[in-house]
Number of protein chains: 2
Amino acid sequence: MEGKRYVYFFGNGHADGNGNMKDLLGGKGAGLAEMTNVGLPVPPGFTISTEVCAIYYGNDKNLPEYIINEIEESLSKLESILGQKLGDRENPLLVSVRSGAKISMPGMMDTILNLGLNDETVEGLKNLTSNSRFAYDCYRRFIQMFSDVVLGIDKSKFERIIDRKKEEKGIKLDTEFTAEDLLELIDEFKNFVKKEGKSFPQNVKEQLYMAIEAVFESWNNQRAIEYRKIHKIPDDLGTAVNVQTMVFGNMGEDSGSGVGFTRNPSTGEKEFYGEFLPNAQGEDVVAGIRTPYKLDELKKIMPEVYEQLKEITEKLERHYKDMQDFEFTIQRGKLYMLQTRTGKRTGQAAVRVACDMVDEGLITEQEAVLRVFPEYIDQLLHPVFDENQEFKVIAKGLPASPGAASGKIVFFADDAVELAKNGEPVILVRLETSPDDIHGMKASEGILTARGGMTSHAAVVARGMGIPCVAGSSNITVDEDEKVLITPDGKKYREGDYISLDGGKGEVYEGFLKKRNPDLKSGYFKRFMDICDKFRKLGVRTNADVPEDAKLAREFGAEGIGLCRTEHMFFAPERLPHVQAMILAETKEEREKQLEKLLPMQREDFIGIFKAMDGYPVTIRTLDPPLHEFLPKREELMVEIAVMKERGEDENKINEKEKLLSRVEELHEMNPMLGHRGCRLGITYPEITKMQARAILEAACICKKEGIDVKPEIMIPLVGKVEELKAQKEVVLEVAEDVFKEQGVDVKFLIGTMIEIPRAALTADEIAKEAEFFSFGTNDLTQTTFGYSRDDAGKFIKIYLEKGILKEDPFAVLDVDGVGKLIKIGIEKGRYTRENLKVGICGEHGGEPSSVEFCHRVGMNYVSCSPYRVPIARLAAAQAAVK
Amino acid sequence: MEGKRYVYFFGNGHADGNGNMKDLLGGKGAGLAEMTNVGLPVPPGFTISTEVCAIYYGNDKNLPEYIINEIEESLSKLESILGQKLGDRENPLLVSVRSGAKISMPGMMDTILNLGLNDETVEGLKNLTSNSRFAYDCYRRFIQMFSDVVLGIDKSKFERIIDRKKEEKGIKLDTEFTAEDLLELIDEFKNFVKKEGKSFPQNVKEQLYMAIEAVFESWNNQRAIEYRKIHKIPDDLGTAVNVQTMVFGNMGEDSGSGVGFTRNPSTGEKEFYGEFLPNAQGEDVVAGIRTPYKLDELKKIMPEVYEQLKEITEKLERHYKDMQDFEFTIQRGKLYMLQTRTGKRTGQAAVRVACDMVDEGLITEQEAVLRVFPEYIDQLLHPVFDENQEFKVIAKGLPASPGAASGKIVFFADDAVELAKNGEPVILVRLETSPDDIHGMKASEGILTARGGMTSHAAVVARGMGIPCVAGSSNITVDEDEKVLITPDGKKYREGDYISLDGGKGEVYEGFLKKRNPDLKSGYFKRFMDICDKFRKLGVRTNADVPEDAKLAREFGAEGIGLCRTEHMFFAPERLPHVQAMILAETKEEREKQLEKLLPMQREDFIGIFKAMDGYPVTIRTLDPPLHEFLPKREELMVEIAVMKERGEDENKINEKEKLLSRVEELHEMNPMLGHRGCRLGITYPEITKMQARAILEAACICKKEGIDVKPEIMIPLVGKVEELKAQKEVVLEVAEDVFKEQGVDVKFLIGTMIEIPRAALTADEIAKEAEFFSFGTNDLTQTTFGYSRDDAGKFIKIYLEKGILKEDPFAVLDVDGVGKLIKIGIEKGRYTRENLKVGICGEHGGEPSSVEFCHRVGMNYVSCSPYRVPIARLAAAQAAVK
């Protein structure tokens with residue numbers, strides 16, 4: 001361990017690290033090193049590497065001596081470069097201490113500014129700057145921040161002291177405080193800390209180490225854990241700590257702080273985009289308490305600095321070949337860069353930036369494909385407001401995160417979660433959001449805040465989550481205690497009232513507005529998807545049971561249907577009675593009679609689907625679920641009968657119910673997922689398969705005669721032994737012969753099977769003798785491979801995820817190590833028997849990016865997923881191919 | 001196909017086939033060929049091979065010409081050897097046509113004797129034998145048999161004609177008919193056949209081919225299919241057809257027919273054993289209609305023939321090195337051998353014969369091991385009547401199949417099945433049994449017949465099934481129509497009355513007699529099992545949850561416990577309330593309080609088991625089943641509450657019930673088999689595992705201090721990810737440290753896991769990093785590999801077996817192709833990580849012979865099975881090793 005470097009210095013045009021060392025230095029540290037190396041004005045400092053985070057936790061939350069020694073060395077170097085000294089009365093060094101993980105977690109980690117101030121050094125600062133008000137303001141801010149972050153005293157408590165002081169002094173703004181007022185505040189703050197049972201350290205080294213440790217501690221605070229869970233960031237990455245010389249944006253009107261993006265993070269437009277607050281420290285901009293100016297303002301106030309900033313950030317973008325998100329501070333007219341990183345963006349922006357950068361020659365098409373995260377695409381597919389309705393704008397704000405949202409107003413995160421649980425769409429309305437609101441934001445359809453800018457907590461988090469957000473709607477009043485939102489015209493909207501908002505326009509509307517699907521056939525989206533299609537090797541189909549879904553999916557780029565479930569058709573109200581009668585039938589003849597009634601209906605369904613998928617293959621699965629799903633519930637019948645008897649109702653009626661119950665009992669299963677379903681039904685009641693095969697093939701013949709290019713693929717579910725497939729295939733082939741004779745036309749079709757039971761994968765060589773295609777049903781395969789029931793496992797999967805026993809819910813993300821192994825075995829064995837066997841996947845995983853990548857790797861021909869996931873699968877497939 | 005031989009001739013001291021060609025010639029054909037080759041007196045003939053059976057069915061039930069040509073050639077050869085001709089008026093050749101599959105199916109296939117007789121040739125036979133009565137009797141028998149077997153007219157209808165004729169003539173016995181009576185009968189038979197719409201062919205060739213085809217047809221009659229299903233004989237074996245020159249046992253008092261065994265098939269004693277009927281054809285002996293003489297009678301009547309027969313059969317036994325079952329006919333003082341085959345025997349006989357033959361130097365110990373089928377051992381373990389009770393003998397008969405049975409009297413097979421379904425033990429009482437009774441015989445505890453000998457249908461089938469049988473109890477009266485059994489003293493026993501029988505002694509007792517376990521510590525059984533233990537490589541453990549089972553299994557030779565289920569202990573009445581309170585607990589503290597109450601009880605259980613298994617390993621599985629198994633049923637609570645409400649009962653009581661229901665609802669699962677059970681419980685409620693680990697280890701410490709050699713193995717169930725095992729292991733190790741400190745003693749123990757989920761097998765390399773042993777839980781593994789619920793699959797598995805989609809119930813016989821593949825993967829991967837990993841099996845399959853053989857082949861260390869299966873597993877393991 002010793003001899004290895006744990007602390008990386010940057011300053012004076014040279015850094016120990018560089019931009020590629022995000023793992024070790026975190027995003028912020030790597031950016032600072034890289035900016036230093038390319039000669040940008042970066043205040044010097046040092047980064048304590050992410051490895052130290054684990055060492056800290058592994059060493060009973062203590063920093064070992066060899067690391068303290070390295071920190072001291074770096075500190076000395078910093079002091080000698082600047083000619084300042086931490087704790088020096090005359091020329092005190094002041095530093096900021098910030099966290100910085102590999103993956104940025106905005107607002108999650110705590111920052112401390114002005115560290116190094118105490119009762120003595122504050123006087124040095126006063127003398128150096130000849131500005132007592134500034135010095136005391138820095139000191140009171142430091143006490144406040146340090147107490148909040150390190151000592152755990154909520155900062156709002158200090159805000160209350162400030163509010164009281166303002167009242168006492170009869171002023172409204174912080175800036176109106178005199179130096180003397182601030183001195184009083186400092187004393188009151190220190191007393192308050194004591195009263196809370198803590199002590200604010202006057203020893204500056206103590207300050208430094210307490211701050212460093214607080215950063216490591218904050219890695220495991222509730223908000224950070226929550227954020228990592230939502231964004232699937234591994235818990236063992238750890239955070240680095242950046243200790244950097246302070247520069248001050250609050251040294252007067254020739255100073256200021258700002259943040260910005262090299263392109264518009266909402267739309268992707270190429271524009272210099274950002275916000276700026278004069279005479280303010282960086283935290284003031286991000287916190288959203290004061291609404292900041294646009295960067296254009298800077299151009300007016302300090303045109304040279306503006307031009308320098310523009311030049312630097314353009315250089316950064318070219319250097320990193322990606323849109324940058326930067327932070328800067330102007331101290332008495334001098335520009336300092338404090339951070340640069342890849343900018344978070346909306347789906348719309350991601351797609352546009354990728355396309356534009358290809359045009360600009362900055363990146364290749366392959367790189368463009370990798371630039372757009374699949375989640376981004378998801379955002380783009382979501383509906384927009386239907387233009388054909390009345391829009392009553394009740395408020396305006398910043399277009400912080402695009403998208404259309406309608407729902408009931410709630411004012412607290414917990415209420416949002418509660419209401420959303422019942423399926424209610426909600427809009428979270430807050431003065432401003434904080435990390436404590438994360439769970440409520442996630443549960444909301446949209447977010448509206450009264451305060452904060454485009455880079456406020458609400459805006460950044462909402463964009464990250466893909467949730468529409470209007471931020472800084474500053475002329476509305478939000479009274480959280482009273483649970484009321486008051487619009488500029490004085491109208492009150494209370495909890496439970498409906499509003500709508502357009503996060504792309506920054507507008508808020510009265511009532512619940514209807515939505516329509518977005519246009520995907522033109523513009524950047526189409527262009528980007530075309531690029532993806534150029535690279536991907538995997539076909540993308542959709543799971544669709546009805547023509548409408550098939551049409552939608554085709555618009556989204558589906559190249560066929562990978563799974564058409566026939567049972568969903570059975571639940572339609574005009575069919576269910578026949579389905580029930582069929583199930584309750586005591587003879588084959590009676591069953592056939594009912595099936596005959598269902599035949600024309602099923603045939604119509606298939607005609608619709610074949611037409612919607614003209615030219616593309618359509619895989620139709622024969623009946624799969626256990627029959628009792630179609631019947632009344634056993635326990636409800638039992639209760640009903642008991643009550644009828646209790647009431648002494650008509651014997652005949654009771655008998656009838658009892659007869660029904662007795663058939664339901666016969667069909668009742670302890671574990672229906674492992675019961676009489678799938679091809680087991682088709683084998684015990686071949687007449688069902690017969691009817692379905694007839695409906696499919698008659699529909700195909702009819703369509704073909706109308707000039708439709710039909711490609712039916714009949715899929716037998718739940719096969720575990722080749723004999724099952726063989727038996728069902730015989731039934732289908734027999735029907736086919738009859739139908740083609742009757743219809744006077746032949747249709748080419750395939751017969752294949754789901755591979756959704758371990759035994760099928762293990763004996764795929766046998767099964768491929770009969771199957772013309774395989775479709776991996778990874779929902780069921782995951783169920784049986786893990787022995788988890790999808791209906792029930794939620795309870796313990798949640799605990800497993802919390803305890804780290806599972807990294808992912810295997811029903812959401814394909815389990816490559818277990819289920820994946822069976823899939824590989826299945827494909828290898830299947831292709832051993834039938835070299836060109838067509839292989840696909842039709843479980844939920846077919847639209848999950850990492851699972852799609854796996855499907856590509858193991859050589860599947862296609863994935864099939866729900867319509868909305870089709871473009872995501874296209875992108876994921878392209879990314880897999882490019883990688 | 002042409003150029004290949006399909007018909008095998010035998011005769012004149014030479015045969016085309018030999019004794020090893022059972023696959024092609026069937027057992028009977030191979031025996032005839034072998035006997036011919038060794039120079040025994042066998043009537044010449046030819047065998048149409050089993051392959052022709054498939055050809056026949058594959059050719060639309062027609063014999064192709066190239067096979068007809070071969071038959072004709074063989075027939076010519078036969079005619080030229082004998083100087084007779086089929087259909088010749090002067091010197092007609094008469095033949096028998098019999099079926100003969102590879103595996104003997106007694107009574108299942110139909111036999112035709114005297115073929116070649118018609119209105120003309122019968123005169124030739126009359127002249128040749130100078131015995132018109134004999135000739136006409138042969139002819140009327142032939143018409144009767146041919147009509148029954150080939151034309152499908154039930155033979156009982158002819159019996160009725162005979163009965164009428166007897167009445168008309170005022171006689172009682174068949175033998176009293178004169179030649180003229182028989183001529184009349186022949187006419188009446190022929191007219192009756194016509195009246196039935198059939199025609200009896202006068203063309204002898206037509207007779208021959210119709211008979212041959214009828215044999216092939218009979219392969220697929222209901223009885224044959226039933227028999228094959230019970231005895232697990234593959235449907236595609238097919239039968240051969242034996243066409244053999246007739247010899248006549250009914251040519252007078254110097255003639256006769258008989259069957260016999262070279263040793264006693266009930267006890268295994270070395271004695272010349274069999275039955276004989278003078279002046280009778282073979283069918284009369286086997287049919288059981290006349291009660292035959294013992295072979296000793298033959299010694300008195302025809303001593304020379306007796307000696308010759310004894311010499312021949314002894315030679316046959318030495319030749320085949322196994323006990324023989326033979327058929328012979330004596331025609332006018334000359335002995336002919338018609339069949340020899342390996343004799344069926346009881347378990348007791350099998351063990352004794354094997355041991356004796358080792359002593360006689362006939363076979364090696366290895367051969368002896370292979371001679372005893374595992375099913376035989378099963379018979380030996382079954383209880384015998386307890387001597388300490390009163391035995392009232394009400395009837396005696398032949399000791400046809402040993403064993404003790406008690407139950408309710410039934411008179412029909414269907415009634416036996418019906419009553420047995422409800423769990424009632426039944427004794428089937430019949431005049432005589434026929435193949436139509438097979439299903440009822442299988443359902444019975446014991447069988448009693450009034451007619452028939454040791455080789456009657458009832459006796460042979462009962463021995464095959466291992467069901468106790470007293471046959472030929474000729475002084476009882478069985479009135480099937482009245483459903484009454486009348487004993488010699490006139491006492492009546494009706495349907496539903498209890499009787500008992502000892503099939504080894506041939507005695508029938510009044511009432512329901514109690515049984516006790518057999519003595520396994522001495523005699524042939526012990527000697528044979530010792531031989532087995534010498535060869536087997538697999539260890540044999542038992543599945544036992546309580547000390548009594550452990551003790552019993554140890555007597556049966558178990559070398560430890562492979563599976564001790566702790567949940568069975570939870571169901572004890574004094575524990576269930578605590579278990580329920582534990583489950584219903586809303587806090588961890590409350591749960592721990594209840595677990596503390598269970599701790600001393602579980603500890604006592606384990607102390608008992610450790611003591612019973614002193615010196616042997618004991619594998620204890622932590623809690624496995626879903627918790628709701630311990631609670632009241634959800635639907636019953638729902639009904640109860642609905643009724644209480646309807647009745648307007650006390651609100652508080654209703655509330656209480658509703659509270660219970662709501663917790664039951666919380667625990668309710670759609671598919672409990674795939675739900676919150678196994679280690680998932682231990683992980684969500686570690687306090688349960690903690691209590692169980694404590695109970696096990698405290699018990700171990702206490703036993704060790706008492707001088708008991710304890711070897712605990714703690715087994716974590718349902719692991720699918722190594723992280724699960726790791727988490728549970730940590731809990732156990734922590735407890736172990738505490739317990740050993742408290743008890744002041746250390747006990748060596750192992751922690752391992754069940755491999756019972758596909759994912760565990762697929763990632764066994766990972767799991768073996770934590771597991772010190774693997775135990776394959778093949779019940780669950782079969783469930784998930786097939787996706788069959790053991791609770792529900794019975795319904796469709798039955799149909800799958802009928803349709804041939806499954807060859808075996810995979811819950812009974814391990815599915816080598818699917819589940820077996822996972823086991824192989826699991827062992828390979830496990831041993832890759834941990835070279836000496838101990839591997840066993842503890843599913844039901846651990847006691848099923850073919851599955852045990854598989855376990856041996858894949859290199860397991862041991863199998864574990866229920867106590868009664870331990871000796872079977874020992875034998876199966878030895879057989880696997882010897883093979």
Side-chain angles (χ1 to χ4, degrees), chain A residues 634-636 638-643 645-647 666 668-676 678 680-681 683-684 718 720-721 723-724 726-727 756-763 766 780 783-793 795-796 799-800 803-806 815 817-819 821-822 825, chain B residues 634-636 638-643 645-647 666 668-676 678 680-681 683-684 718 720-721 723-724 726-727 756-763 766 780 783-793 795-796 799-800 803-806 815 817-819 821-822 825:
Chain A
R634 172 171 163 270
E635 59 273 26
E636 285 170 11
M638 289 170 77
V639 168
E640 209 178 329
I641 290 169
V643 170
K645 283 186 175 168
E646 199 55 37
R647 291 183 184 161
E666 262 177 63
H668 175 69
E669 293 180 313
M670 290 291 294
N671 302 284
M673 273 295 179
L674 303 177
H676 195 185
R680 297 162 198 172
L681 288 174
I683 286 168
T684 45
L718 220 69
K721 293 204 76 178
E723 288 83 357
E724 295 175 306
K726 215 168 159 178
E756 51 184 339
I757 279 189
R759 200 183 186 287
L762 293 164
T763 61
E766 288 299 316
D780 264 290
Q783 275 199 133
T784 42
T785 305
F786 274 87
Y788 291 174
S789 155
R790 260 207 301 170
D791 300 322
D792 308 307
K795 278 183 242 170
F796 63 82
I799 295 167
Y800 270 29
K803 296 203 176 193
I805 285 172
L806 286 171
D815 162 52
D817 295 336
V819 179
K821 224 167 264 171
L822 275 181
I825 291 172
Chain B
R634 174 172 161 267
E635 59 274 26
E636 285 171 9
M638 288 169 77
V639 168
E640 208 179 327
I641 290 169
V643 170
K645 283 184 175 170
E646 199 55 35
R647 291 183 181 161
E666 263 176 62
H668 176 68
E669 294 180 313
M670 291 291 294
N671 302 284
M673 273 294 181
L674 303 177
H676 196 183
R680 299 163 198 171
L681 288 176
I683 286 167
T684 46
L718 220 68
K721 293 203 74 179
E723 288 83 357
E724 296 175 304
K726 216 168 157 180
E756 50 184 338
I757 280 192
R759 200 182 186 286
L762 292 164
T763 60
E766 288 298 316
D780 264 289
Q783 276 200 132
T784 43
T785 305
F786 273 87
Y788 291 173
S789 155
R790 260 205 301 171
D791 299 322
D792 308 307
K795 280 183 238 170
F796 63 82
I799 295 167
Y800 270 28
K803 296 203 175 193
I805 285 172
L806 286 171
D815 163 52
D817 294 337
V819 179
K821 226 169 262 170
L822 275 182
I825 291 173

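Chain A is the first sequence line, chain B the second, and so forth, proteins listed ahead of strands; every chain is numbered from 1.
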B/I805 portion near chain A, given a 4.5 angstrom heavy-atom threshold: both
Is the backbone N or O of B/G818 less than 3.5 Å from a side-chain atom of B/D815, with the two atoms forming a donor-acceptor pair by type? yes
Show the nearest heavy-atom pair for residues B/I757 and B/T784, with the distance to one decimal. CA-OG1, 4.3 Å
Kindly compute the distance separating OG1 (A/T785) from CG (B/L762), expressed to the nearest 0.5 Å. 7.0 Å
With a 4.5 Å cut-off on heavy-atom pairs, point out which of A/V819, A/I799, A/I641, A/D791 contacts chain B the most. A/D791
Please classify the contact between B/E766 and chain A as side chain, backbone, both or neither, with a heavy-atom cut-off of under 4.5 Å. neither
Chain B: which of A/R680, A/R790, A/E723 shares the most heavy-atom pairs with it under 4.5 Å? A/R680
Between B/Q783, B/E756, B/E724, the one whose heavy-atom pairs under 4.5 Å with chain A are most numerous: B/E724
Treating B/K803 as the side-chain partner and A/A727 as the backbone partner, does any N or O pair qualify as donor plus acceptor under 3.5 Å? no
Selection from B/G787, B/G720, B/A642 maximising heavy-atom pairs under 4.5 Å formed with chain A: B/G787
Selection from A/L681, A/V643, A/D780 maximising heavy-atom pairs under 4.5 Å formed with chain B: A/V643
Segment of A/E640 engaging chain B (4.5 angstrom heavy-atom cut-off): neither
The interface call for B/L806 against chain A, heavy-atom contacts under 4.5 Å, is both
For B/T763 and B/R759, which heavy atoms make the closest approach, and how far apart are they? OG1-O, 2.7 Å
Between B/I825 and B/A761, which heavy-atom pair has the shortest distance, and what is it? CG2-O, 3.7 Å
Please confirm whether the backbone N or O of B/G675 pairs with a side-chain atom of A/K795, one donor and one acceptor, at under 3.5 Å? no
Hey, which of A/M638, A/K726, A/E669, A/E666 has the most heavy atom pairs under 4.5 Å with chain B? A/E669
